[in-house]
Protein chains: 2
Amino acid sequence: MSDTKHRSYHHGDLHRALLDTALGMLAADQTWTFTLREVARRTGVSHAAPYKHFEDKDALLRELARIGFVRLEQAMAQALSSGPPSMREKFVAGAQACIAFAQHNPGLYRLMFSADADKGADPRLHEAAMATFGVLLRLLEKGQQDGSFRPVSIPALAAASWAQVHGLAMLAMNGQLLEEKVGPDPVRAALDVLLDGLCCKV
Amino acid sequence: MSDTKHRSYHHGDLHRALLDTALGMLAADQTWTFTLREVARRTGVSHAAPYKHFEDKDALLRELARIGFVRLEQAMAQALSSGPPSMREKFVAGAQACIAFAQHNPGLYRLMFSADADKGADPRLHEAAMATFGVLLRLLEKGQQDGSFRPVSIPALAAASWAQVHGLAMLAMNGQLLEEKVGPDPVRAALDVLLDGLCCKV
DNA sequence: CCAGAAAAGTTTCCCCTGTAAACATGGAGG
DNA sequence: CCTCCATGTTTACAGGGGAAACTTTTCTGG
C-alpha cells in the first residue's frame with residue numbers, strides 16, 4: 001500500500017472525505033466562510049482530526065482552491081474542444097464555461113480568487129492556476145497563428161481577455177448582469193465588444 | 001443640535017474615529033481581516049463601544065465600503081475632467097484612476113467588492129456603488145453621442161468596460177501584471193485591446 | 001436649577017473558532 | 001505477540017463577535 005499516500009487507516013481516507021465535505025458546503029453557499037470545526041463535524045470526526053491531514057485551515061483552503069482550478073481548467077478545455085471551429089466562437093465558449101462555473105460554484109470560485117488562498121504560498125496551487133491560465137494562453141496563440149486574432153503582444157491579449165472573463169464572472173455571480181438591463185445575452189454582448197477589438201477586422 | 005446624528009458626547013464623534021482607525025488599518029494591509037476589537041483597541045475604547053455606533057461588524061464594513069466607493073467615484077471623476085479631451089483617452093484615464101486606487105488601497109478595494117459587504121443589505125452602500133458606476137455610464141453615453149464609441153447597447157458596453165477595469169484592477173493588485181511579462185504599460189496595452197472594440201473604426 | 005431620561009462607554013459573560021498538547025487506539029512489521 | 005507510528009480524540013487556551021447589565025455623562029423639560 002504505497003502507491004498513494006492517503007489510503008485507509010482508521011477512517012478510510014479522511015483526507016478526501018474532508019475535502020468532499022468542504023466542497024459540498026462550498027457548493028451550497030454563496031460564500032466560503034465555513035469553519036474547520038463544522039467541516040469536521042459534518043464528516044463525523046473530532047474537530048482536531050483535520051490537523052492530521054492539513055497543516056492548518058489555510059492549507060485546506062488552498063487544496064480546495066487547487067481542486068477548483070483543476071475543475072475549471074477541465075471545464076474550459078472541454079468547452080474549447082467541443083465547441084465550434086471558429087476561434088472567435090471557441091473563445092466565447094471558453095469564457096462562457098468559466099462564467100457558468102463561477103455561477104454554479106460561487107463559493108469555490110470566490111475562494112479560488114480570494115487573497116486567503118495565497119497562491120504564492122503553495123507551489124501546487126500556483127501550478128494549477130497557471131495551468132488553467134494556460135488554456136486561455138494556448139487558445140490566443142493558436143488564434144494568432146491562424147490569423148484570427150490580431151498580432152498584438154500575447155501577454156497584453158491575455159491580460160485583457162482574462163480580466164474580461166474574470167470580471168464578467170464576478171458581475172454574473174453578483175447578479176449584476178440582469179437580462180432586463182443588458183439584453184437577452186449579457187455575457188455574449190459584453191464579450192463581443194472585447195472580441196471586436198481582439199479579432200482581426202473582416 | 002439636531003441637524004446631524006453623530007455629534008459629540010463622550011468621546012467626541014467616536015463614529016468617525018472608528019472609521020478612521022479602520023481605514024488606516026485597511027490602507028496598511030493587503031487584506032481587510034481586521035477585528036472589531038482591534039479597531040476599538042487602537043481607537044482607545046472598550047471592545048463593546050463600537051456597538052453603540054454600528055449595529056454589528058458588518059455594518060461597519062459596509063460603511064467603510066461606502067466611503068471607498070465615494071472616494072473611488074471622486075478619483076475617477078477627477079481623472080475624467082482633468083484628462084485629455086479625447087473620449088478614448090478619457091476612458092483610459094478613468095480606468096487607470098480606478099486601477100491606481102485599487103493598488104493604493106488594496107484592502108479597501110477588496111472589501112468594496114467582497115461578498116461580505118453585501119450591497120443588497122444596505123441602500124446607502126448600493127447607492128454609492130451605483131454612483132461610482134454612473135461615472136462610467138455617463139462617459140459611455142457622452143462618447144456614444146459624439147460618435148467616439150460604437151452605437152451598441154449601453155448596458156453591454158458598460159458591462160464589458162466595467163468587467164475589464166475591475167478585472168485589471170484585480171490582476172494589478174495581485175501583482176499579475178508585471179512589466180517584464182506584459183510590456184512597459186500592461187494596463188494601457190490591455191485597455192487598448194478593449195478600446196479597439198469599443199471605439200468606432202477610424 | 002435640578003431631576004430624570006437617554007446616550008455613550010465599560011465590564012462581564014457566553015459561545016464560537018483555530019490551534020497546540022496530551023492522551024488513546026489500532027493495524028503493520030519485527 | 002508486542003511494539004511503534006499514523007490516525008483520532010480530549011482537553012486546554014487565546015482571541016473574536018455579540019448580548020446584557022451597569023456606570024457615567026450629557027441633554028432636556030419642569
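None of these values were measured; they are calculated from a predicted model. Labels below follow one simple rule: chain letters A, B, ... track the order of the sequence lines, proteins then strands, and each chain is numbered from 1.
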In whole Å, what is the span from the [atom1] atom of [X] to the [atom2] atom of [N]?
{"X": "B:L61", "N": "D:dG18", "atom1": "CG", "atom2": "C1'", "answer": "15 Å"}
{"X": "B:Y51", "N": "D:dA21", "atom1": "OH", "atom2": "C1'", "answer": "17 Å"}
{"X": "B:L14", "N": "D:dT26", "atom1": "CG", "atom2": "P", "answer": "14 Å"}
{"X": "B:R37", "N": "C:dC15", "atom1": "CZ", "atom2": "C1'", "answer": "12 Å"}
{"X": "B:F34", "N": "D:dG15", "atom1": "CZ", "atom2": "P", "answer": "19 Å"}
{"X": "A:R41", "N": "D:dT9", "atom1": "CZ", "atom2": "P", "answer": "13 Å"}
{"X": "A:D13", "N": "D:dG8", "atom1": "CG", "atom2": "P", "answer": "9 Å"}
{"X": "B:H47", "N": "C:dC13", "atom1": "NE2", "atom2": "P", "answer": "12 Å"}

_Using a 4.0 Å heavy-atom cut-off, does B:S46 contact any base of the nucleic acid, only the sugar-phosphate backbone, or nothing at all?_
base
_Would you say B:H53 places a side-chain N or O within less than 4.0 Å of OP1 or OP2 belonging to C:dG9?_
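Yes.
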_Residue mapping more 5' on DNA chain D - nearest nucleotide basis, B:K57 or B:K52_ = B:K57
*Between B:A48 and B:L36, who's closer to the 5' end of DNA chain D by nearest nucleotide?*
B:L36
*Shortest side-chain distance from A:A49, nucleotide among D:dG16, D:dG18, D:dT9*: D:dT9
_A:Q164 CD to A:L198 CG distance, which is reported to the nearest 0.5 Å_ =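 Here the rounded value is 10.0 Å.
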*Backbone N/O of B:A59 and side chain of B:D56: donor-acceptor pair under 3.5 Å*: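 Side chain of B:D56 to backbone of B:A59: a pair is present.
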*Do the side chain of A:N105 and the main chain of A:F101 share a donor and acceptor less than 3.5 angstrom apart?*
yes
*asked:* Using ring centroids (six-membered ring only for Trp), state whether A:H166 and A:Y109 fall under 6.0 Å.
replied: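 They qualify: ring centres under 6.0 Å apart.
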